[in-house]
*Asks:* 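Would you mind keeping the following structure in view while I ask a few things?
A, B, ... follow the sequence lines: proteins, then strands. Residue 1 opens every chain. This structure is a prediction, so every number in the text was calculated from the model and none was measured.
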2 protein chains.
Amino acid sequence: MKPTDAELEILQVLWSKGPSTVRQVHDELIKTRDVGYTTTLKLMQIMQEKGILSRTEDARSHVYHVLIGEEETQKSLLGRFVETAFRGSATKLVIQALGQHKASREELDEIRALLNQQLNQNSPD
Amino acid sequence: MKPTDAELEILQVLWSKGPSTVRQVHDELIKTRDVGYTTTLKLMQIMQEKGILSRTEDARSHVYHVLIGEEETQKSLLGRFVETAFRGSATKLVIQALGQHKASREELDEIRALLNQQLNQNSPD
DNA sequence: TCTTTACTACGAAATTCTTCGTAGATACTA
DNA sequence: TAGTATCTACGAAGAATTTCGTAGTAAAGA
């Protein structure tokens, strides 16, 4: 499953807001980008045909639901991204990401916990 | 600077092998993908027009050099990726990356060091 | 009821990216 | 020298993605 960039924008809205009409999604999109209503509509129709979204007919408009999980999709995108941009080195990616973005204490703790887990798996001593 | 997927493949070869002719790049590409020689040639010509590559004429063939740094490009791609795929949360990305890929002890140590740095910056106590 | 508004369906244009065929030039080889 | 191999240049087809205009329909409001 490789959503295009435009599809991903729509997915982000649906993941964050839950099931929505085209109008609702579109109102979110135009906050950051200039795009026509029928463009959003068309994209969501295509996504439905592809099986990424389903829809239920609510009165006159349709309510769209996401059929793929956010984490599952991120996982797949991440795998591909590590390959194409980092020649397969997830570690390099992690290091760059940590270097660029500041994380909160809680987040750092979470990452640290994960690291410890891996350390133990690698060479338990 | 947003290289396309095909461009990125070529960049990877050049970053890893250093300045190369079209033939050399192409010989690497066909190890993993079926593509015609003139396709590789055309792409590299386009990249040169865009200013991603420069070339020096060596005898009858041309030798191409990358004009953009690998880390700099990764940084830019990563920033975009975090936005589009992880809604801006680099931490989520790091956690997923760590969960998915095994790292060596040395790599883990490097990441750990980075974490400590950030911890100190955040709340030095 | 008539008009305006909001929605879906759909075709097709526009854009971007990728692919390759063909032509022309130059070097190498028998 | 004739023929073959290898290279660049370039146009254009093909494919994938994104965009939007137009038409049709149903609801809401005057």
*Asks:* Taking atom C1' of C:dA23 as reference, at what distance in whole Å does atom CG of B:Leu41 sit?
*Replies:* 13 Å

*Asks:* What is the distance from CG of B:Leu43 to P of D:dG11, rounded to the nearest Å?
*Replies:* 17 Å

*Asks:* Closer to the 5' end of DNA chain C via nearest nucleotide, is it B:Ala6 or A:Arg23?
*Replies:* A:Arg23

*Asks:* So, is A:Arg33 near the phosphate of D:dT19, with a side-chain N or O under 4.0 Å from OP1 or OP2?
*Replies:* yes

*Asks:* Is a side-chain N or O of B:Glu83 found less than 3.5 angstrom from the main chain of B:Arg80, in a donor-acceptor match?
*Replies:* no

*Asks:* Check the distance between C:dC7's P and A:Glu57's CD and give it to me in whole angstrom.
*Replies:* 15 Å

*Asks:* Within this structure, what is the CG-to-P distance between B:Leu11 and C:dC17, rounded to whole angstrom?
*Replies:* 14 Å

*Asks:* Taking only the side-chain heavy atoms of B:Val35 (C-beta and beyond), determine which of D:dC20, C:dT19, D:dT8 contains the nearest atom.
*Replies:* C:dT19

*Asks:* For C:dT8, take OP1 and OP2 only and decide whether either is under 4.0 Å from a side-chain N or O of A:Tyr37.
*Replies:* yes

*Asks:* For D:dA9 and B:Gln45 - does any side-chain N or O of the residue sit under 4.0 Å from the phosphate oxygens OP1/OP2?
*Replies:* yes

*Asks:* Where the side chain of B:Arg60 is concerned, which of D:dT8, C:dA27, D:dT22 is the nearest nucleotide?
*Replies:* C:dA27

*Asks:* Does B:Thr21 or A:Lys2 map to a spot on DNA chain D nearer the 5' end, using the closest nucleotide for each?
*Replies:* B:Thr21

*Asks:* Considering every strand and a 4.0 Å limit on heavy-atom distances, what is the contact class for B:Thr4: base, sugar-phosphate, or nothing?
*Replies:* sugar-phosphate

*Asks:* Please pick, from C:dT22, C:dT18, D:dC20, the nucleotide with the shortest atom-to-atom distance to any side-chain atom of B:Thr38.
*Replies:* C:dT22

*Asks:* From D:dT19, D:dC7, C:dA9, pick the nucleotide closest to the side chain of A:Thr39?
*Replies:* D:dT19

*Asks:* Rounded off to whole Å, could you give me the CD1-to-P distance for the B:Ile46 and C:dC17 pair?
*Replies:* 10 Å

*Asks:* Taking all non-hydrogen atoms of both residues into account, name the closest pair between A:Glu7 and A:Lys50 and its distance.
*Replies:* OE2-NZ, 2.7 Å

*Asks:* Is a donor on one side and an acceptor on the other found under 3.5 Å between the side chain of A:Gln12 and the backbone of A:Glu9?
*Replies:* no

*Asks:* Do B:Arg87 and A:Glu70 sit within salt-bridge range, that is, some charged N less than 4.0 Å from a carboxylate O?
*Replies:* yes

*Asks:* Is it true that B:Lys31 and B:Glu28 make a salt bridge, defined as a side-chain N closer than 4.0 Å to a carboxylate O?
*Replies:* yes

*Asks:* Between D:dT18 atom P and A:Leu8 atom CG, what is the distance in whole Å?
*Replies:* 10 Å

*Asks:* With a 4.0 Å cutoff (strictly under), does any side-chain N or O of B:Arg55 reach OP1 or OP2 of D:dC7?
*Replies:* no

*Asks:* Calculate the interatomic distance between A:Glu49 atom CD and D:dT17 atom C1'; express it in whole Å.
*Replies:* 14 Å

*Asks:* Which nucleotide, D:dC10, C:dT8, C:dT18, lies nearest any side-chain atom of B:Lys42?
*Replies:* D:dC10

